[in-house]
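Single-structure report; data block below.
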Amino acid sequence: MEYNFKQIEQQAQARWEKAQAYKANNHSDKKPYYVLDMFPYPSGAGLHVGHPLGYIASDIYARYKRLQGFNVLHPMGFDSYGLPAEQYAIQTGQHPEVTTMKNIDRYIEQLKKIGFCYDWDREVKTCDPEFYKWTQWAFIQMFNSYFDPVQQKARPIAELVKHFEQTDVTWNTLTKKQQQERLMNYRIAYLSDTKVNWCPKLGTVLANDEVSEGLSVRGGYPVEQRVMRQWSLRVSAYAGRLLEGLDRIDWTDSLKETQRNWIGRSEGAEMQFNIKGQEEPFTIFTTRADTVFGVTFMVLAPESEYVARVVIDAQKAEVEAYLDRCKHRTERERIADRKVTGVFTGSYAINPLTNAEIPIYISDYVLSGYGTGAIMAVPAHDSRDYAFAKHFNLPIIPLIEGADVSEQSFDAKEGKMINSGFLNGLEVKEAIAKMKEYITNTGIGRVKVNYRLRDAIFSRQRYWGEPFPVYYKDGMPYMIDEKDLPLMLPEVDNFKPTEDGRPPLGNAKDWTYKGYPLELNTMPGFAGSSAYYLRYMDNHNSEALVDKNVNAYWRQVNLYIGGTEHATGHLIYSRFWNKFLYDLGYICEDEPFQKLINQGMIQGRSNFVYRYIGEGATGNLYISYNLIDNPEYKGKVQPIHVNVNIVKNDILDIMAFRNWMPEYKDAQFVYADGTTDEDNPHIGTPSEKQYICGWAVEKMSKSMFNVVNPDDVVEQYGADTLRLYEMFLGPLEMSKPWDTNGIDGVHRFLKKLWSMYENPSDEQPSKDELKSLHKLIKKITWDIENFSFNTSIPAFMIAQNELATLKCNKKAILSQVAILLTPYAPHIAEAMWAQCGEQGFVIDAQWPVCNEEYLVEDNVKYPIQFNGKVKFTIELSKSATKDDVEKTVMEHAETQRLLNGATPKKVIVVPGRIVNIVV
RNA sequence: GCGGCAUUGGCGGAAUUGGUAGACGCGCUAGACUUAGGAUCUAGUUCGAGAGAGUGAAGGUUCGAGUCCUUUAUGCCGCACCA
């Protein structure tokens, strides 16, 4: 009976689909389990072999949980708003919706071929009005809420208004507009003039996580700073809770650490410095309160609001020139060029402890967005301040005993304080504490925690995104009525910005609400992906994002699998979004993703041929990889990428290569054994002469001809082989290259296994067979629970081998093996189940339980060690106690002979394992 | 600079609690069947002829270390003018 995987897989998929086998019910007595993949952006290129890695892993777990009797929610959808579709639209005029839908169809087709157990009835698309209705709804809730710093939670803005009315006498004297402007400082979704990352090439602003080293992550275009009126989300208000929540979730340490870095908590103090000749002091933030005695100058960020107050007339021209220069520097230039720059304001501050007059400078090494945008500079103990002081020739006062600051600053927080008044003699850490106490008591300052995390800029000057449910009246924004949601994305005849520079929605006709103009910006990519996991729970609900009871049943994502590239974007935003909805009582869990696993990337494995470019080269001769270091070829070959699909096990398919591209039509070769085409006139039969290709691990990309399409693998080997092989490649969380070389082994295993299912018998299984089976049950169960999917495949292979040796063809064994195989290779498992005469789907069967009794061995071999060296072995009963073992071993003739009358110092017995005699 | 992770045969990688390192697969080597198949099966395959050595390197703890500790090298990832 041939392993006809095509037939097996088509039949299984057709039956599942017909029976709606993977439909998850929102009401069930079973325990819920929610397994989620990060939904993909449907790109035009389709899936490559790297995409399904995480999907296969989550599918294995989902199927396992299902077999264990859980009601499993395992959905899939599409993050379908985004820039590529819009850029494609600008180039070709094709509507982004058309290309996006086409891509989605292609993705679904590819995914279905691999046999995932998604409940497709729950599919969501972020560009679907029925979906983005709830994105807009959430935005309205955020606009109508503020963050209460005391309770550390979001509350309705109406409560804040009430608070103002009752406690703030000035409130009622304000005009409506003034009141609104004031509330804008509190709303969680707010409109403000902010310095933004503006990417001229993309024509839009970008969030911090969309910018890397001054270049846009997408496209790699320069990004500059610009002040624009933009919507933002007050994510920074949640910094403390986002940090603290990490302790309660089961994510990898590295991912948590990345988020902690991004949130960037630092404990320090805010201090006030008086300005000479002015009433109002200004405030700085420092983590080194102990170093106040060494402050020799102050520095303001160029954008600081203090700047206007402290610049004296004589310095005005110089300062303005400097500010102008900073403004026009791109972020990239600023980072690349770390030369010290700055300008003196002409004003002096007073050191509150020494009463010294210290000059105030402006420099762009101080960031306006962090702390108060102003610092006290301690050149002796901060390398940046040190560089600045050296450049402007400012005094440097060492504060720590033994610190040599003649060449560089001493940044470490260790040593005894000197030159520091009442702090002298204290250790740095004690000094920090003492100074904090001092400034609190004297009122100079207060203890303060600062976060690096910024608010998320939420406006994008794009077409293909969610429209804001916002209209403008008298220059103030208003939310549209919730009953009018969704506010549909309008049609435009041009996807580019308007000629007067307004966003693409400026091209829309009649883009108004009740006669008022609507917002022209759209929401960023992360808007739609921030709460999609909640929508899956109840995606057909037209009354709410998710019904409260339904949410109370599923609660949260139990297992989330996806790439690590979302560590500081999506995974921060959705935690924020989730906490916000939680605060307002719409959902019942504070954290969205209980356990999270990052699957590694699958890199490409490129193949090369080596064109001869030495003397007399025709450009038509290719040298086998094993020969390129020979003296006659060394340095005279040029590697050329060759399509990996015409290379197998690094052996080039000669005929396919000649047919691949016209330029290789007459290609000649020097083969692995050094012979040439002239020696082998009838070449073309691969077994005879081999051309070996070189290889390298590179990114999977079209230009390197190393893209492997899962469809091709499914076509050639079947979905089950693809699934098993992707898991077999290595640990889930590690990055690894796709290497087609080993796939035959996995395929062979399935073939061999399948051959055992011909005419299975009803006989009772033997002890050995049961032992094999239960060993397998134990191993597979452990593997799946520990996400060690790669080690399951060898276990199956070993079991297959053992059972084949026993000539086992018994239904009682084989049907159980089919269940164990189901998570990994569901199609063949389904066919095996039927072959054993079992009724229904194997996917509904019950996961077998390991009976340890079958695993007990009558005898176990104890290696007997002398001082750690194995001298001989003896067989003893597995059930023997430690004392029994020791007694038997000591009485053994060989032991006595080796001891030769001596008394051992120590005898170590590890039951079932080993005996070590120390002499 | 700070933080995290990794390093095991020709290759991908096993070794779950400190207990016989190299499972399983690829590749390779022989053989069988055949007769052209890139199929299947059998045996072998860490290095070394051998004693022996051996998990990036050097120390340490332990009867016993791939696993724990210290130092160090290399690679990957994250953050980075964050006061």
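Every chain is numbered from 1 and lettered A, B, ... according to where its sequence line falls, protein lines coming before strand lines. What you see below is based on every heavy atom in this structure, not just the backbone, and it leaves out hydrogens, waters and symmetry mates. What you see is a predicted model; the values in this text were computed from it and never measured.
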Name the nucleic acid region contacted by A:Lys256, choosing base, sugar-phosphate or nothing; use a 4.0 angstrom heavy-atom cut-off, strictly under.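 Counting heavy atoms under 4.0 Å across all strands, no contact is made by A:Lys256.
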Determine: side-chain N/O of A:Arg748 to OP1/OP2 of B:rG25, distance under 4.0 Å, yes or no.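 For A:Arg748, the contact criterion (side-chain N or O under 4.0 Å from OP1 or OP2 of B:rG25) is not met.
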Phosphate OP1/OP2 of B:rA83 contacted by A:Tyr365 side-chain N/O (<4.0 Å):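 So the side chain of A:Tyr365 is outside the cut-off, no N or O lying under 4.0 Å from OP1 or OP2 of B:rA83.
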I'd like the [atom1] distance from [M] over to [N], given in whole Å.
N      : M      : atom1 : value
B:rU34 : B:rG54 : P     : 49 Å
B:rG9  : B:rG22 : P     : 14 Å
B:rU8  : B:rA23 : P     : 16 Å

Using a strict 4.0 Å threshold on nitrogen-to-oxygen distance, state whether [X] and [Y] make a salt bridge.
X        : Y        : answer
A:Arg260 : A:Asp247 : yes
A:Lys448 : A:Glu267 : no
A:Glu852 : A:Lys778 : yes

More than 12 heavy atoms of other residues, nucleotides or ligands under 6.0 Å from CD of A:Gln408: is that the case?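 No, not enclosed.
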Atom pair CG/CG of A:Asn786 and A:Leu732 - distance to nearest 0.5 Å: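 The distance works out to 12.5 Å.
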Sort me out a list of protein N/O and nucleotides 3-13 of chain B N/O pairs below 3.5 Å, or just none if empty.
from	atom 1	to	atom 2	distance (Å)
B:rG12	O2'	A:Leu729	O	2.9

For RNA chain B, the dot-bracket notation using Watson-Crick and G-U wobble pairs below 3.5 Å, [ ] for pseudoknot-type crossings and | for other-strand pairs, is (((((((..(((......[....)))((((((.......))))))((....))..(((((..]....))))))))))))....
Pairs of donor and acceptor atoms involving the side chains of residues 788-796 of chain A, under 3.5 Å and at least two apart or interchain, shall be tabulated with distances.
from	atom 1	to	atom 2	distance (Å)
A:Ser788	OG	A:Thr791	OG1	2.8
A:Thr791	OG1	A:Lys779	NZ	3.4
A:Thr791	OG1	A:Asp783	OD1	3.0
A:Thr791	OG1	A:Asp783	OD2	3.3
A:Thr791	OG1	A:Ser788	O	3.0
A:Ser792	OG	A:Asp783	OD2	2.8
A:Ser792	OG	A:Tyr824	OH	2.6

